[in-house]
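Notes to accompany the following structure.
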4 protein chains.
Amino acid sequence: MTREASILNAATRVFAAAGYHAARMAAIAREAGVADGTVYLYFRGKRELFVALFQRGFAEFLAGLDEALASSTPPLDALCAYHLRYLGARYDLAVITQVEMRHSDPELREDIGRIVRPYFDRIEAAIAAMPHDADIKVARRMVFGTLDEQVTAWVRSGGAFDLASLAPEVSRLLRRALGGND
Amino acid sequence: MTREASILNAATRVFAAAGYHAARMAAIAREAGVADGTVYLYFRGKRELFVALFQRGFAEFLAGLDEALASSTPPLDALCAYHLRYLGARYDLAVITQVEMRHSDPELREDIGRIVRPYFDRIEAAIAAMPHDADIKVARRMVFGTLDEQVTAWVRSGGAFDLASLAPEVSRLLRRALGGND
Amino acid sequence: MTREASILNAATRVFAAAGYHAARMAAIAREAGVADGTVYLYFRGKRELFVALFQRGFAEFLAGLDEALASSTPPLDALCAYHLRYLGARYDLAVITQVEMRHSDPELREDIGRIVRPYFDRIEAAIAAMPHDADIKVARRMVFGTLDEQVTAWVRSGGAFDLASLAPEVSRLLRRALGGND
Amino acid sequence: MTREASILNAATRVFAAAGYHAARMAAIAREAGVADGTVYLYFRGKRELFVALFQRGFAEFLAGLDEALASSTPPLDALCAYHLRYLGARYDLAVITQVEMRHSDPELREDIGRIVRPYFDRIEAAIAAMPHDADIKVARRMVFGTLDEQVTAWVRSGGAFDLASLAPEVSRLLRRALGGND
DNA sequence: AATGAATGAGCGTTCATTCAT
DNA sequence: TATGAATGAACGCTCATTCAT
């Protein structure tokens with residue numbers, strides 16, 4: 001594992017455990033097994049490290065999503081299953097996603113928003129690809145909000161249940177909500 | 001207005017504008033027109049002030065909700081309309097709710113969770129009161145997640161559209177999702 | 001002595017002993033007998049503390065100078081005597097003056113320059129008030145440079161000789177240099 | 001140009017532009033076209049590099065001075081002309097001389113003092129070589145202070161005038177000050 | 001109850017220097 | 001010799017909280 005990768009991994013663990021503000025750069029460095037200053041050779045600062053972490057996690061998420069969407073499963077079902085399976089297998093990332101996506105630092109929030117937007121587009125496309133009679137924006141927020149809240153509950157429970165197994169019920173309800181059942 | 005109330009009001013404005021971490025106790029005191037030390041005569045500290053704020057806001061929200069639920073409207077529709085109408089008229093509170101409800105400080109998050117739980121019970125009761133075939137937990141998270149995400153989008157937009165007017169479409173979709181249409 | 005005054009006194013000692021860069025705010029606070037944060041209640045930061053120190057020292061210097069110039073002694077002689085007497089009685093201030101007046105931080109240097117300029121005007125006025133045939137700028141630099149270098153040598157020696165007693169010889173040579181002897 | 005020489009040249013530029021404290025070893029290395037570590041093969045550290053720079057610059061200055069003093073011009077006049085001509089043609093070196101000669105780091109200041117002393121001896125010798133009635137130390141400081149302050153003013157002006165052309169007026173005034181006019 | 005001056009722990013970041021290659 | 005990635009000590013400043021008045 002490259003130094004950069006171990007720093008990112010360490011950062012994921014520390015940010016997830018402590019939250020952005022309480023996370024200490026020194027703790028990340030120690031967790032990564034490098035000196036404090038070394039972190040700054042790879043990332044400009046705390047904020048950049050966090051954004052980079054988020055960005056790469058999301059890029060991987062999106063890449064996998066596109067693969068999942070390419071299968072023969074109806075897009076919305078594929079998307080729901082993928083969302084819950086992906087985060088259900090990455091507790092730390094899920095924590096970060098839930099906790100930090102609505103961050104109080106406006107700049108950070110904007111960075112995050114820019115990173116997440118492509119996912120919103122995928123959701124809208126998945127909805128548009130099925131028969132439905134819903135307001136597309138309200139529907140998109142319903143889909144994301146529903147999935148996101150399942151993850152939040154899972155994180156709140158400390159990962160006590162199997163997130164991925166919620167997929168069938170979630171997508172059944174969402175499909176029916178959108179009016180695309182026949 | 002009592003001193004306590006003006007401190008709470010000031011805190012609402014400051015927390016909403018700056019976020020929990022960037023909010024300065026001194027700014028809250030100044031905004032409330034009291035000395036720094038005075039805040040501590042009414043609230044043990046920053047965290048407690050924030051929790052108190054959240055708690056009272058939520059208590060009022062819940063009280064109004066119960067009134068709304070007492071009308072002849074179907075509970076779920078009443079709840080959706082109320083949620084969007086209430087926050088749609090209180091931008092600062094909405095910001096705080098969205099941004100801070102999933103806070104990175106674990107202790108704070110737990111406090112918030114305890115405060116919000118009664119609302120989850122109301123949502124589950126509203127679902128139970130209608131014909132439906134959904135998993136109650138998944139459904140409750142769908143309802144809350146859907147409503148919450150509408151608010152988040154509204155906050156992100158800077159309050160650029162009318163939140164309350166989304167209610168009919170939101171409750172139509174939710175009703176259909178739950179299978180309670182006939 | 002007010003807190004502000006004790007901080008300024010402490011700062012004078014610490015800056016003189018260590019130089020601007022090596023001087024630690026914590027050392028100044030400790031020397032002043034206050035907490036670290038207290039310094040920042042009176043001065044915006046290290047730079048501002050230094051400039052304030054310089055400014056007040058110089059203001060006092062200038063006020064005393066104007067008094068000295070008001071006597072019946074020829075201005076240039078009064079000025080030389082005053083310069084050497086004033087700094088000769090304030091070793092720490094002399095150190096700061098010599099060491100920091102030509103500071104490498106451009107902003108700081110500019111602040112210092114602005115503060116010192118009025119003294120240059122007084123010197124030029126003192127020269128103009130006597131019969132002389134010298135270029136006024138070259139002459140002003142000669143007067144200041146000559147006085148300044150006596151102080152530098154005194155500081156370098158650790159204050160080992162009596163600075164004020166150099167005044168007669170210094171002003172005799174300067175008077176003669178300017179061509180004002182008859 | 002040897003590596004050592006290019007490092008010294010780079011250091012001159014960087015120290016002049018940024019000042020001792022703000023000068024970065026990495027910047028010097030980059031400017032010299034060598035790796036960071038390479039600088040330490042030639043100089044023990046930042047301080048030593050600076051002292052070496054100053055030392056060599058001064059050695060060259062002194063060598064040229066001795067040549068200038070060997071001419072038939074009266075020593076003091078030769079010295080003044082040389083001082084102003086030499087620095088007037090080397091802005092970077094002049095900046096370093098003015099800004100850093102009275103450095104706040106005591107050890108560095110002592111090194112510098114040791115390096116400059118031979119020049120003081122030359123000045124005293126030049127004074128001694130002419131008829132005069134002045135205290136030799138006061139006179140030496142007058143000569144150096146006067147010259148130095150011309151350079152300081154020139155540096156402060158950003159090199160806006162011709163330094164060397166001040167020589168006749170400077171040495172005229174100094175000669176007259178010392179009482180060596182006939 | 002109210003004040004607000006004082007406190008002091010806490011931390012992100014820089015950069016001279018080292019050393020394995 | 002030369003490299004440049006890695007090191008880690010060092011420090012100015014903030015701000016929640018306290019407490020003498």
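Since this is a predicted model, take the numbers as computed values, not measurements. All heavy atoms count here, side chains included; hydrogens, waters and symmetry mates do not. All chains are named by letter (A, B, ...) in the order of the sequence lines, taking the proteins before the strands, and each is independently numbered beginning at 1.
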Would you jot down, in residue-number order, the residues of residues 45-55 of chain D having a non-hydrogen atom under 4.0 Å from DNA chain E?
-> D:G45, D:K46
Report yes if some heavy atom in the side chain of C:N9 is under 4.5 Å from a heavy atom in the side chain of C:M1; otherwise report no.
-> yes
To the nearest angstrom, how far is D:M25 atom CE from F:dG4 atom P?
-> 16 Å
Any side-chain heavy-atom pair of D:R3 and D:V34 under 4.5 Å | yes
Answer yes or no: is there a side-chain heavy-atom contact under 4.5 Å between B:M25 and B:V39?
-> yes
Of B:R24 and A:G33, the one whose closest nucleotide on DNA chain F sits nearer the 5' end is A:G33
Integer-rounded Å distance: F:dA16 P and B:R30 CZ | 14 Å
Say whether, by atom type as modelled, one donor and one acceptor occur between the side chain of B:R47 and the main chain of B:R44 under 3.5 angstrom.
-> no
Toward the 5' end of DNA chain E, by each residue's nearest nucleotide, A:A26 or A:T38 = A:A26
Range-with-range stems for DNA chain E, at least three Watson-Crick or G-U pairs under 3.5 Å = E:2-21 with F:2-21
Please list, one pair per line, the donor and acceptor atoms closer than 3.5 Å that link side chains of residues 49-62 of chain D to other protein atoms, with sequence neighbours excluded.
from: D:R56; atom 1: NH1; to: D:E4; atom 2: OE2; distance (Å): 2.5
from: D:R56; atom 1: NH2; to: D:E4; atom 2: OE2; distance (Å): 3.0
from: D:E60; atom 1: OE2; to: D:Y86; atom 2: OH; distance (Å): 2.8

Check the distance between F:dA9's C1' and A:Y40's OH and give it to me in whole angstrom.
-> 14 Å
Length of the NE2-P vector between B:H21 and F:dT14, whole Å | 18 Å
Does C:R24 pair with C:D36 as a salt bridge, N-O distance under 4.0 Å?
-> no
Could you tell me whether the side chain of A:R156 reaches within less than 4.5 Å of the side chain of A:T152, counting heavy atoms only?
-> yes
Pick the nucleotide of DNA chain F nearest each of D:D36 and B:A23; which residue has the one closer to the 5' end?
-> D:D36
Qualifying residues under side-chain hydrogen bond (donor to acceptor under 3.5 Å, both in side chains), relative to A:Y119, sequence neighbours excluded = A:H83
Rounded distance (nearest 0.5 Å) linking atom OG1 of A:T38 with atom CD1 of A:I7 = 6.5 Å
5'-most by nearest nucleotide on DNA chain E - A:A22 or A:G37 = A:A22
What nucleic acid atoms does C:F43 come within less than 4.0 Å of, heavy atoms only: base, sugar-phosphate, or nothing?
-> nothing
Nt span of DNA chain E in reach of chain B heavy atoms at under 4.0 Å, 5' end first, is E:dA1 to E:dG4
Please name all residues satisfying side chain to side chain contact (heavy atoms under 4.5 Å, CB included) with C:A10, sequence neighbours left out, ordered by chain then number.
-> C:R13, C:I28, C:E31, C:A32
Is there side-chain contact between D:H103 and D:H21, with heavy atoms separated by less than 4.5 Å?
-> yes
